[in-house]
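Worksheet: one structure, shown below.
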There are 2 protein chains.
Amino acid sequence: MGLKSADAQLQPVEEVASCAVCPALASKLCGGLGHLATFGTLLRHSEHKIPARRLICRKHDRLDRVPIVCEGWAASAVTLFDGRRQILSFLLPGDFLSAHLIFEPEIQCSVEAVTEVHYRTFARTELMALLLEQPTLIHKLSRAWIDEKARADQLAINLGRCSADERIARLILNLFDRLTQRSLARGQLMDFPLRQHHIADATGLTVVHVGKVLSEFRRSGLIKISDRSLTIVDLKELQRLAKLQ
Amino acid sequence: MGLKSADAQLQPVEEVASCAVCPALASKLCGGLGHLATFGTLLRHSEHKIPARRLICRKHDRLDRVPIVCEGWAASAVTLFDGRRQILSFLLPGDFLSAHLIFEPEIQCSVEAVTEVHYRTFARTELMALLLEQPTLIHKLSRAWIDEKARADQLAINLGRCSADERIARLILNLFDRLTQRSLARGQLMDFPLRQHHIADATGLTVVHVGKVLSEFRRSGLIKISDRSLTIVDLKELQRLAKLQ
DNA sequence: CGTGAGCTTGACTTGTTTCAACCAACGTGG
DNA sequence: CCACGTTGGTTGAAACAAGTCAAGCTCACG
């Protein structure tokens, strides 16, 4: 394990001899994301590190390896030819870059690093071989895929039927839940490396308006943001605003 | 084949002894959707018919069979507790009700018939068995799944970053393309059973505004709608409006 | 020390919603 | 047969949420 590989398909990748934090993280993720741990022991992988704000992969690239985020945040996004951008999903530690890469090499949307990102890649051929050997694995993989689809559906409801306040409240709570599941939140406090333009592109709003809504949230004591961290001060009220059931 | 089954999970299903149009359609779909034809010959299935405007399945139901639409249009949608609705996808002949049902029984969003819908269901256990026997099948299935995800991503861009005109133009062109792929469009003419409220729920707009945009489209000679059919009069201009590359 | 990225705030504009009234087509039951 | 409610569509006026434009601020960085 930890073998180095050329990975020619991933253009802007800088390789590192070993990713110090990854093993610790992998074990931390064992509970929530069994598949990751399983792959780690059964499959060889290569490790990569990429600085913040850089593209990890481009739409329509082909990729013979399946990448999983180990550390840091990334965003998968599509861009219209006239520059409008929509972020489809934020990728957190433990997420596949995109679940469909398990079966198909073509990348559907570009992914860029929000923070510095550490990730591992597995050879698709080896993964498929393992899959046929151990058919129960397919359920763990399909789980990841179904989650990805569920998040896409949630996004559609947010964008199609929610006000600006609701969209932003939902985004924050969604990230908070996902981090909590992975034991990456400390109580009501979580890392929050997103710039306002990330939030704007994820919620279909303008940067200016996102700024106004966030100020309003802060002023009314719902959240606190400082030093790239976010504290949920009034969870109940934020949930009420988000109209989550 | 054509066996009848109780299918207790599908509550409002009315069964029919045989679905006269299905065999013809299945062969028509052979080219475009290999998997459907393959299943038809290798797997037993049951056939169902459901009238327009009725629910086919409800969110959180569990379903041990995998349904594929044979004839008619359906819509998968989620509803917020306060009544706001978002249609996630229109299902056309040849589409899985939802691709994730291949692996998991729990239904993620409710599906309702737009027109009368004929569909077939396959037992998940039989499908899984066949899958392990013929591993190449997995690629055909993943294809369907990837398409479903691609449509979800397209929807997000429409809802998040497009104007009302663009959203509606894109919806029309998207349906037109999918029907054309299945040889279900006749030139620029296609069935168009959608009510304005379907379009509204699919594009995240209000019924009133959808009405205004459609009138405008008609007035400026882009489309013609009559008798539940739609003709694309000025394809070039409609594409320009939709900002499709 | 200048430059650019990110954030805040205010004034004004616009696309879409809301509200309302009205019409046509259709099925249903008396 | 007509009376009736329901569903679907059209149109116009007013209200509002979010966008646009603009200026000024901080901070990190080469």
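Every heavy atom of this structure was used, including side-chain atoms; hydrogens, water molecules and symmetry mates were not. Here is how names work: the chains are called A, B, and so on, in the same order as the sequence lines, proteins then strands, and each is numbered from 1.
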D:dA18 C1' sits how many Å from A:E216 CD, rounded?
15 Å
For B:R218, answer base if it contacts any base atom (sugar-phosphate contacts may also be present), sugar-phosphate if it contacts only those atoms, and nothing otherwise; contact means non-hydrogen atoms under 4.0 Å.
sugar-phosphate
For the pair B:E112 and B:R85, find out whether any cationic side-chain nitrogen is under 4.0 Å from an anionic carboxylate oxygen.
yes
From CZ of A:R84 across to C1' of D:dG19 the rounded distance in Å is 13 Å
Of B:R195 and B:K212, the one whose closest nucleotide on DNA chain D sits nearer the 5' end is B:R195
Nearest to the side chain of B:S163 - D:dT11, C:dT18, C:dT16?
C:dT16
Polar side-chain atom of A:R182 near backbone of A:P93 as donor-acceptor pair, under 3.5 Å
yes
To the nearest angstrom, how far is A:L214 atom CG from C:dG6 atom P?
15 Å
Check the distance between C:dT14's P and B:H209's NE2 and give it to me in whole angstrom.
15 Å
Nucleotide nearest A:V208 when distance is taken to its side chain, options C:dT16, D:dT20, D:dT10
D:dT20
Please determine, by modelled atom types, if B:S89 and B:S76 share a side-chain donor-acceptor pair under 3.5 angstrom.
no
Comparing A:A164 and B:H198 on DNA chain D - which has the more 5′ nearest nucleotide:
B:H198
Taking the side chain of B:R53 as its heavy atoms from C-beta onward, which of C:dT8, D:dT7, D:dG19 lies nearest to it?
D:dT7
Salt bridge or not for B:R219 and B:E216, using N-O below 4.0 Å?
yes
Length of the CG-C1' vector between B:L159 and C:dT16, whole Å:
15 Å
Going by atom types only, do A:H198 and A:Q196 share a side-chain donor-acceptor pair under 3.5 Å?
no
Taking the nucleotide of DNA chain C with the closest heavy atom to each, which residue, A:V207 or B:V213, is nearer the 5' end?
A:V207
Could you tell me how far apart B:Q196 (CD) and D:dG9 (P) are, to the nearest whole angstrom?
5 Å
For D:dT11, does OP1 or OP2 lie under 4.0 Å from any side-chain N or O of B:S215?
yes
Nucleotide C:dG6, atom P - distance to CZ of A:F192 in whole Å:
15 Å
Measure CZ/B:R228 against C1'/C:dC26 and give the value in whole Å, please.
12 Å
